[in-house]
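Shown below is the structure under consideration.
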Amino acid sequence: MTATFSTSPPVFIITIDGPTASGKGTVAQIVADRLGFHYLDSGALYRLVGLSAMRTKTAIEDEAAVAGLAMTLPCRFEGDRIFLDEEDVTDTIRAEEIGIMASRVGALPAVRQALFSLQTGFKRPPGLVADGRDMGTVIFPEAQLKVFLTASVDARAERRYKQLIEKGFPAKISDLRQDLFERDQRDTSRSVAPLAPAADAKTLDTTNLGINEAVSQVLDWYVAKKPNGNALMP
Ligand code: DC
């Protein structure tokens with residue numbers, strides 16, 4: 001009988017899922033920095049596909065064509081900048097209309113399939129923090145720590161309003177509340193990988209929590225689960 005040994009180093013995965021503007025992107029990025037882990041912003045991938053579809057005038061109804069764009073997405077992540085071909089689209093993809101496009105292309109099963117291995121490719125030592133809608137349920141079901149962030153629609157509309165104004169995008173709070181509501185509906189009711197907490201996820205309501213408090217809670221959960229010897233970065 002021959003024994004087999006795994007040579008790949010262990011990768012600790014933290015998934016942070018939740019509805020739009022729940023604070024998951026900010027929390028995930030800070031947690032990744034503190035732990036020296038890689039970071040996957042899966043929403044950015046759907047936004048890039050949405051932007052590509054818009055620019056190439058590909059109809060959302062043409063699922064195969066949109067999936068084709070996802071399969072050959074010429075994107076690059078460099079530090080906190082995101083490139084499509086050679087263009088820096090970090091800020092462009094944050095526009096509300098691109099978020100809505102992202103939610104629409106995300107409802108197409110062939111697009112989700114096309115982005116699957118791109119996302120699992122982010123799993124690299126020493127660890128990964130992945131944020132999105134289906135990180136804990138579909139992409140990384142093996143994650144050691146799964147978090148589901150929520151917040152009231154009003155708190156999320158307020159946050160999104162501030163983010164957009166800071167980035168110089170026009171915004172109206174009543175329109176944002178309506179967009180959030182519609183996006184939640186689409187993201188939770190789609191047939192493939194709907195937004196939902198994994199059965200083993202820890203839920204954190206951030207309606208009345210600051211970013212630092214949310215980060216501390218996630219790090220506390222991590223410390224309780226981490227293998228011995230993993231230290232937090234200063
Ligand atoms: O997290 P975000 O707001 O950047 O995501 C934009 C849209 O992309 C979101 O409304 C739905 C879609 N999305 C998805 O379907 N699955 C993911 N894992 C991440 C985002």
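First listed ligand is number 1; within each ligand, the first listed atom is number 1. Scope of the values below: all heavy atoms of this structure, side chains included, with no hydrogens, waters or symmetry mates.
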Note to self: Is there a polar contact between ligand 1 and Arg190, counting only N or O atoms under 3.5 Å apart?
What the structure shows: yes
Next item on the list: Identify the protein heavy atom lying closest to atom 1 (O) of ligand 1, giving its residue, its atom name and the separation to 0.1 Å.
Entry: Arg133 NH1, 2.9 Å
Next item on the list: Would you mind finding which of Arg183, Arg112, Arg186 brings a heavy atom closest to atom 15 (O) of ligand 1?
Entry: Arg112
Notebook entry, point to check: Without hydrogens or angle criteria, can the side chains of Ser42 and Arg47 be said to hold a donor-acceptor pair below 3.5 Å?
Noted result: no
Item checked: Heavy-atom neighbours of Glu97 CD exceed 12 at 6.0 Å -> no
Next item on the list: Pull out every atom of ligand 1 sitting under 4.0 Å from any heavy atom of Lys24, numbered as shown with elements.
Entry: 1 (O)
Next item on the list: Show which atoms of ligand 1 fall inside a sub-4.0 Å distance from at least one heavy-atom site of Asp187.
Entry: 9 (C), 10 (O), 11 (C)
List the atom pairs, donor and acceptor, that lie under 3.5 Å between side-chain atoms in residues 67-80 and the rest of the protein, sequence neighbours left out.
| from | atom 1 | to | atom 2 | distance (Å) |
| --- | --- | --- | --- | --- |
| Thr72 | OG1 | Gly68 | O | 2.9 |
| Arg76 | NE | Glu78 | OE2 | 2.8 |
| Arg76 | NH1 | Glu86 | OE1 | 3.2 |
| Arg76 | NH1 | Glu86 | OE2 | 3.4 |
| Arg76 | NH2 | Glu78 | OE2 | 2.9 |

Next item on the list: May I ask you to identify the nearest protein heavy atom to atom 13 (N) of ligand 1, giving residue, atom name and distance to one decimal place in Å?
Entry: Tyr46 CD1, 3.7 Å
Next item on the list: Quick one: look up the protein heavy atom nearest atom 7 (C) of ligand 1 and list residue, atom name and how far away it is.
Entry: Ala102 CB, 3.5 Å
Check: Nearest protein heavy atom to atom 20 (C) of ligand 1, by residue and atom, and its distance?
Finding: Gly43 CA, 3.5 Å
Note to self: Salt bridge or not between Arg133 and Asp187? Use side-chain N to carboxylate O under 4.0 Å.
What the structure shows: yes
Item checked: ligand 1 N/O within reach of Arg47 N/O, cut-off under 3.5 Å -> yes
Next item on the list: Run the numbers for me: atoms of ligand 1, each under 4.0 Å from some heavy atom of Met135, listed by number.
Entry: 18 (N)
Notebook entry, point to check: Atom OG1 in Thr137, atom CG in Asp200: separation rounded to 0.5 Å?
Noted result: 10.0 Å
Checklist line | Ion pair Lys167/Glu96, N-O distance below 4.0 Å | finding: no
Notebook entry, point to check: Mind checking whether Lys202 and Gln217 have side chains closer than 4.5 Å, heavy atoms only?
Noted result: no
Notebook entry, point to check: Can you list the ligand 1 atoms lying under 4.0 Å from a non-hydrogen atom of Thr20?
Noted result: 3 (O)
Note to self: Between Arg156 and Asp184 (salt bridge meaning N to carboxylate O under 4.0 Å), is one present in this structure?
What the structure shows: yes
